[in-house]
Amino acid sequence: ADRLQGAIPAISLISQSAIMTAYANDAAPELCNAQETYGYCTENDVFIGISTSGNSANIYYAVLVAKMKGGYTVGLTGESGGKMLSVCDLTLNVPEKETFKVQEGHLPVYHLLCRAVENEIFGQN
């Protein structure tokens, strides 16, 4: 046990390819992430949605479901924030319009978010 590290229960929705494929084939592709969020999200969970434009339907609908389930929603978007700006509890907008620049700007943001959560839960090492 002394070699185990602390863990945070987190789910990357994009890694659930079997659920996404089945739901996309049988129901509505734009609701794949919303369906996963509906199944996984509980009150007080934090949902982080990443969309360069802030208008990606699959992420937007998942944000709405997370809020409905009582989760706290964080959006990582580009300059305008898109539709996510008006629905997320917190929106972090990279001040760029070009996709690759927004995505490059998201890298340090989500690494910083992860580090902040680790510090909050486990303290400084």
Side-chain angles (χ1 to χ4, degrees):
D2 61 339
R3 295 162 98 212
L4 298 176
Q5 299 178 3
I8 301 169
I11 299 167
S12 168
L13 297 181
I14 195 68
S15 68
Q16 308 296 312
S17 58
I19 295 170
M20 290 177 63
T21 303
Y23 197 81
N25 287 339
D26 296 338
E30 71 279 5
L31 295 177
C32 285
N33 295 123
Q35 177 62 51
E36 292 175 286
T37 303
Y38 187 71
Y40 289 126
C41 188
T42 61
E43 190 173 4
N44 298 320
D45 280 351
V46 176
F47 176 93
I48 301 173
I50 304 172
S51 169
T52 301
S53 67
N55 294 317
S56 303
N58 60 326
I59 305 302
Y60 176 76
Y61 293 136
V63 168
L64 295 178
V65 170
K67 289 184 74 66
M68 176 194 71
K69 300 276 287 191
Y72 184 82
T73 56
V74 178
L76 273 62
T77 68
E79 187 171 52
S80 75
K83 294 189 313 187
M84 289 173 57
L85 182 64
S86 65
V87 297
C88 287
D89 295 308
L90 172 66
T91 306
L92 302 171
N93 304 11
V94 172
E96 293 289 347
K97 292 180 183 177
E98 291 185 70
T99 300
F100 79 94
K101 290 181 179 180
V102 174
Q103 292 171 345
E104 286 177 353
H106 284 164
L107 289 169
V109 173
Y110 59 72
H111 282 282
L112 180 62
L113 286 172
C114 290
R115 185 66 183 150
V117 169
E118 288 174 353
N119 283 342
E120 184 66 28
I121 293 173
F122 304 118
Q124 294 274 137
N125 288 337

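Values reported hereafter were calculated over all heavy atoms of this structure, with side chains retained and with hydrogens, waters and symmetry mates removed. Given the structure is predicted, the values throughout are model-derived calculations rather than measurements.
- Both V46 and I50 are part of a single hydrophobic cluster, where members link through side-chain heavy atoms under 4.5 Å apart.
- When hydrophobic residues (I, L, V, M, F, W, Y) are linked wherever their side-chain heavy atoms come within less than 4.5 Å, the members clustered with M84 are I11, L13, I19, Y23, L31, Y40, F47, I59, Y60, Y61, V63, L64, V87.
- Every residue two or more places apart in sequence or in another chain that forms a side-chain hydrogen bond (donor to acceptor under 3.5 Å, both in side chains) with K101 is listed here: E98.
- Heavy atoms only, all atoms of each residue included: S80 and S53 are closest at OG-O, 4.2 Å.
- Partners of T42 by side-chain hydrogen bond (donor to acceptor under 3.5 Å, both in side chains), not counting sequence neighbours, listed by chain and number: D45.
- Within the model, atoms CD of Q16 and CG of N33 stand 10.5 Å from one another, a figure rounded to the nearest 0.5 Å.
- With sequence neighbours excluded, no residue forms a salt bridge (Lys or Arg N to Asp or Glu O under 4.0 Å) with E36.
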Under 3.5 Å, which donor-acceptor pairs link side chains of residues 106-114 to any protein atom two or more places apart or in another chain?
residue : atom : partner : partner atom : Å
H106    : NE2  : T77     : N            : 3.4
H106    : NE2  : T77     : O            : 3.1

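- Within the structure, the side-chain hydrogen bond (donor to acceptor under 3.5 Å, both in side chains) test picks out the following pairs touching residues 64-73 (sequence neighbours left out): K67-D89, T73-D89.
- In this structure, the side chains of V94 and L76 stay at 4.5 Å or more apart for every pair of heavy atoms.
- Heavy-atom minimum distance, G71 versus C41: CA-SG, 4.3 Å.
- E118 contributes atom CD, which lies 5.5 Å from atom CD1 of I8 (distance to the nearest 0.5 angstrom).
- Heavy-atom contacts from other residues, nucleotides or ligands closer than 6.0 Å to CG of L90 number more than 12.
- Between N93 and E79 the shortest side-chain heavy-atom distance does not fall below 4.5 Å.
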